[in-house]
Amino acid sequence: MNLRRFMIPCLIAILAAALTMSGCSASTSITGSDAKSPDAKDTGGKVTLRFMTSDNSEATAYKTIISDFEKQNPNIKVEMTVVPGTETFITALKAKFSANDAPDLYSFQVGARTQEFAAAGLLADLSGDPQLLQNIQKKDLALVTYKGGIYAAPTNYQATGVFINQDVFSKYGLTPPENFQQLIEVNKAFQQKGLQYPMVMAGKDVGIVSQFDFQYLSTVVLYNQPDYYKQILDGKLHFNSPLMKKMFDRYAQLRAFMSPDSLGVDADTAVKRFIKGEGAMLMDGTWRIQPIRQYAPDMKVIMIPSVLQEPNQERVLNVGVSLGVSLTKSSKHPEEAKKFLAYILTPEVGNTYATVAQQLSTIKGVNAVFDPMLQPLLPYLNGDKTDKTSPHADLTWIPGIKDVMKTETQKWFLGDSLDSILNDWEAQHQRLMKENPDFVNNYGKNG
């Protein structure tokens, strides 16, 4: 991809800069001495590295990690900037690239975005330094690879599944389901025993209301048909095909076990209902653990892998690399930046990251589990079921379609016809394909 085609309008750059200066879109945390120009050394001989992240929980962990790193490396100072929000971060980062003011390193979602920046020649290839990535599993490099080069170091896993209120299951004498048929049966059993709406749903939250889609696409479609998205890009399969209709047919079966007022329920209310035992199950991801513990630190709850597969299909855990740290090609201090990255990728720092950020670390040798409710996932993470995992299906999609999918799912949940939402989903995908032909032409050639 030509860098000129990648650059965004100056107006966006100016807007992003203005927002940053006003404090509306970013909060900046600076460690070490006062900040100077990115390529300057202070009178003490220190090198200043600039590091960006979009995740506040990550930033909390990195504050500790940076402090320890600076103590061990007194000649290096790391200045961290936090720009919360995916879209805000990507707008600010593109503006910095356009203004030749990119950070030395940044932590962000891997997948299509990593490959987009790599194709534009903006990221440093890490594949020439095998020792740097020695603590990363090879299977985790797919989403950070472009034409044989490696353009980010995976640091963060996110898993999705079903939260189980163990007290409610014990009260009604039931056990958690292991496939979709059992999921329907256990919901019916709850209703027969007096719990009318065992499935908790937050219809106002596009992230939760679309969890069924993402989990189904990852654990059923992608796992059993790895090339399904390549077929979509090639026009052999479509988002309004029977494959997607079957997904929504299954989703529709579960709606009978969700409260009618779910349309007006937000994420916080859904968590409270789950904790109170007004429902027994909540489909979501590891990011929902912190809110659950905020309200119920001692609650007996576990997170189990998705149960959307047929009884004769393999049960898999949807867990994949979510975030990675990239080194920008324009860094004035690449060796110091690699030194900081190598430090991030040590097991000791990985344990700190997992505990403080309350995330799943990708680094080999990390044994910290930040909450006991994750115990059922351990065999899939580092036990005898590591081959029964599937990455996040949406991370390989063309940029922009993920948000379309979330919005369309919510519209369906609100009552729009299935045909209308799938047709719109397909039309929006076709539009994005026309707007980004490089993505379509290069898909599948990046490994």
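Note that CG of L422 is 8.0 Å distant from OG of S241, once rounded to the nearest 0.5 Å. Here I292 contributes atom CD1 and N165 contributes atom CG; the two are 9.5 Å apart, rounded to the nearest 0.5 Å.
Inter-residue side-chain proximity for Y295 and D268 is flagged as met; some heavy-atom pair is nearer than 4.5 Å. Between I304 and E178 there is no side-chain heavy-atom pair separated by less than 4.5 Å. Side-chain contact between I66 and F340: present, with at least one pair of heavy atoms (C-beta onward) separated by less than 4.5 Å. Residues N75 and V47 fail the side-chain proximity criterion, which asks for heavy atoms closer than 4.5 Å. Looking only at side-chain heavy atoms (C-beta outward), L123 and L327 stay at 4.5 Å or farther from each other. Under the 4.5 Å side-chain criterion, counting only non-hydrogen atoms from C-beta, I164 is not in contact with V301. Within the 4.5 Å cutoff, the side chain of M405 has no heavy atoms near those of the F239 side chain. Contact of the Q109 side chain with the L323 side chain is registered, since non-hydrogen atoms from C-beta on lie closer than 4.5 Å.
Although no hydrogens or angles enter the test, the distance criterion places no donor-acceptor pair under 3.5 Å between the side chain of S420 and the main chain of D416. The backbone N or O of A102 lies less than 3.5 Å from no partner atom in the side chain of T328, so there is not a single donor-acceptor pair. Put simply, the side chain of S306 never gets that close to the backbone of L308: no donor and acceptor are under 3.5 Å apart. With S67 contributing its side chain and K63 its backbone, the two residues share no donor-acceptor pair below 3.5 Å. Here the side chain of T60 pairs a donor or acceptor atom with the backbone of N56 at under 3.5 angstrom.
Applying the ring-ring contact (aromatic ring centres under 6.0 Å, His included) rule to H238 yields no partners; only residues at least two apart in sequence or on another chain are considered. With sequence neighbours left out, R288 forms a salt bridge (Lys or Arg N to Asp or Glu O under 4.0 Å) with D284. For D424, the salt bridge (Lys or Arg N to Asp or Glu O under 4.0 Å) criterion is met by K411, not counting sequence neighbours. Partners of K245 according to the salt bridge (Lys or Arg N to Asp or Glu O under 4.0 Å) rule, which considers only residues two or more places apart in sequence or in another chain, are D419. With sequence neighbours left out, the ring-ring contact (aromatic ring centres under 6.0 Å, His included) criterion links W412 to F248, Y251. Residues meeting the ring-ring contact (aromatic ring centres under 6.0 Å, His included) test with F89, sequence neighbours left out: F108.
For the residue pair N318/Y223, the side-chain donor-acceptor check at 3.5 Å is not satisfied. For Q359 and S57, the side-chain atoms include at least one donor-acceptor pair closer than 3.5 Å. With 3.5 Å as the limit, one finds a donor-acceptor pair spanning the side chains of T269 and D266. Residues Y353 and E58 have side chains that bring a donor and an acceptor to within less than 3.5 angstrom of each other.
Shortest non-hydrogen contact noted between A159 and W287 is O-CZ3, 4.3 Å. What you find for I65 and Y343 is that their closest heavy atoms are O-CE2, 3.6 Å. Considering every non-hydrogen atom in both V83 and M52, the closest pair reads CG2-CE, 3.8 Å. Closest approach of T346 and N135 over heavy atoms only: CA-ND2, 4.1 Å. L317 and T160 get closest at one heavy-atom pair: CD1-O, 3.7 Å. Across every non-hydrogen atom of L432 and G400, the tightest pair is CD1-C, 3.7 Å.
With salt bridges taken as basic N to acidic carboxylate O contacts below 4.0 Å, one links E314 and K388. With respect to the salt-bridge test (charged N to carboxylate O, under 4.0 angstrom), the residues R431 and E435 qualify. Under a 4.0 Å N-O distance rule, the pair D101/R50 qualifies as a salt bridge. At a threshold of 4.0 Å, the pair E116-K94 counts as salt-bridged, since one of the basic side-chain nitrogens sits closer than that to a carboxylate oxygen.
Aromatic rings of H429 and Y229 (six-membered ring for Trp) have centroids within the 6.0 Å cut-off, being under it.
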Inset, instruction - Let me see the working for R293 and D371 under salt bridge (Lys or Arg N to Asp or Glu O under 4.0 Å), right down to the final yes or no. - result: CA-CA 9 Å; R293 288 306 186 203; D371 195 286; 2.7 Å; yes
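Remark: K139 NZ is packed, more than 12 non-hydrogen atoms of other residues, nucleotides or ligands lying under 6.0 Å away. No more than 12 heavy-atom neighbours from other residues, nucleotides or ligands sit within 6.0 angstrom of CD on Q290.
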